[in-house]
Number of protein chains: 2
Amino acid sequence: MDFSEPGDVLLADCPARTTLDVIADKWAVVVVFALGRGPRRHTELRELIGGVSKKMLTQTLRKLEGHGLVERRERPAAPVRVEYRLTELGATLLGPVESLSRWAEDNAEGILAAQDRRAELHAA
Amino acid sequence: MDFSEPGDVLLADCPARTTLDVIADKWAVVVVFALGRGPRRHTELRELIGGVSKKMLTQTLRKLEGHGLVERRERPAAPVRVEYRLTELGATLLGPVESLSRWAEDNAEGILAAQDRRAELHAA
DNA sequence: CAGGATCCTCGAAGATACTG
DNA sequence: CAGTATCTTCGAGGATCCTG
């Protein structure tokens with residue numbers, strides 16, 4: 001249990017932590033997941049995701065774009081059409097994200113059960 | 001690309017999304033990661049993680065405990081000693097979390113590069 | 001349609017001090 | 001040591017309106 005070994009990153013002020021901050025945010029994860037199935041437009045994403053404001057979605061997309069994970073492609077037309085897609089780099093994030101979402105799906109029940117047990121204790 | 005297929009969860013108001021909210025937070029991920037190597041005490045965690053306030057750490061631990069991912073074990077003594085460890089359920093989260101952290105580590109460089117390219121454009 | 005600009009609020013989180 | 005309590009600030013994010 002020696003944390004000074006290499007491989008024990010993610011702690012303190014390492015690049016991995018910085019990088020994690022990019023994606024350790026609810027919307028980023030969900031957006032990447034949603035784009036995992038192919039390019040989507042702003043409105044499509046909003047409908048698919050649900051519960052995200054226009055502002056937050058744009059903000060999240062800009063952030064992901066700024067980090068090279070998402071590409072914005074504007075179709076000249078009137079009214080404008082804008083498509084977002086994962087970049088090659090962004091696509092590599094899909095594995096971990098889906099691993100996470102699979103876990104979330106598989107363990108939703110257990111988590112909620114624990115939550116409820118808590119609630120009951122708290123009520124007593 | 002049909003989102004109505006099963007397996008396309010994580011969108012809208014599904015249990016997976018609720019569950020994701022539990023862990024889609026910076027500190028939660030890092031704490032789980034840190035506990036992945038064995039039980040740790042409050043102070044140890046604070047030192048290992050770095051940049052987290054006492055308050056936030058306690059809060060995060062309570063949350064994880066409330067969701068059945070972490071167990072709090074108090075050793076009667078003076079001064080009190082408290083150990084935190086992953087529960088069995090919590091340990092199952094280790095896979096996804098490490099998958100994520102490995103990604104973060106491997107792609108830190110690429111991410112930062114994209115970031116910098118952006119910064120330059122913005123400066124111009 | 002996509003998204004900038006503005007205004008406003010409310011809660012997340014730091015600082016500080018105290019306790020079992 | 002491992003917290004709790006209190007106070008305060010600061011910015012994330014919603015609502016609304018406007019534009020190319």
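Lettering of chains follows the sequences in order, A, B, ..., and the numbering in each one begins at 1.
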Tell me which nucleotide among [options] gets nearest to the side chain of [X].
X	options	result
B/Arg72	D/dG3, D/dA2, C/dC7	D/dG3
A/Gln59	C/dG4, D/dG3, D/dG13	D/dG13
B/Tyr84	C/dC1, D/dC1, D/dA2	D/dA2
B/Val80	D/dG13, C/dG20, C/dG4	C/dG20

statement: Heavy atoms of A/Ala108 and B/Pro15 approach each other most closely as CB-CB, 3.7 Å

- prompt: Would you say C/dC1 has OP1 or OP2 under 4.0 Å from some side-chain N or O of A/Arg41?
  reply: no

Atom pair distance, as rounded to whole Å: [atom1] in [X] and [atom2] in [N]:
X	N	atom1	atom2	value
B/Lys55	C/dG14	NZ	P	8 Å
A/Arg46	C/dC1	CZ	P	11 Å
A/Met56	D/dG11	CE	C1'	12 Å
A/Asp25	D/dG13	CG	P	7 Å
B/Leu45	D/dA2	CG	P	9 Å
A/Lys54	D/dT19	NZ	C1'	11 Å
B/Lys26	C/dA12	NZ	P	16 Å
B/Leu57	C/dG14	CG	P	11 Å

With a 6.0 Å cut-off (strictly less than), is the heavy-atom count around [atom1] of [X], excluding the residue itself, greater than 12?
X	atom1	result
B/Arg41	CZ	yes
A/Arg46	CZ	yes
B/Glu109	CD	no

field: Which residue lies more 5' along DNA chain C, comparing B/Ser53 with A/His42 via nearest heavy atoms
entry: A/His42

query: So what does B/Arg75 hit on the nucleic acid, given a heavy-atom distance under 4.0 Å: a base, only sugar-phosphate, or nothing?
result: nothing

message: Counting the atoms with a prime plus P, OP1 and OP2 as sugar-phosphate, which does A/Arg62 contact under 4.0 Å by heavy atoms, base, sugar-phosphate, or nothing?
response: sugar-phosphate

- prompt: Do you know which of B/Leu64, B/Leu61, B/Val82 makes side-chain contact (heavy atoms from CB on, under 4.5 Å) with B/Arg72?
  reply: B/Val82

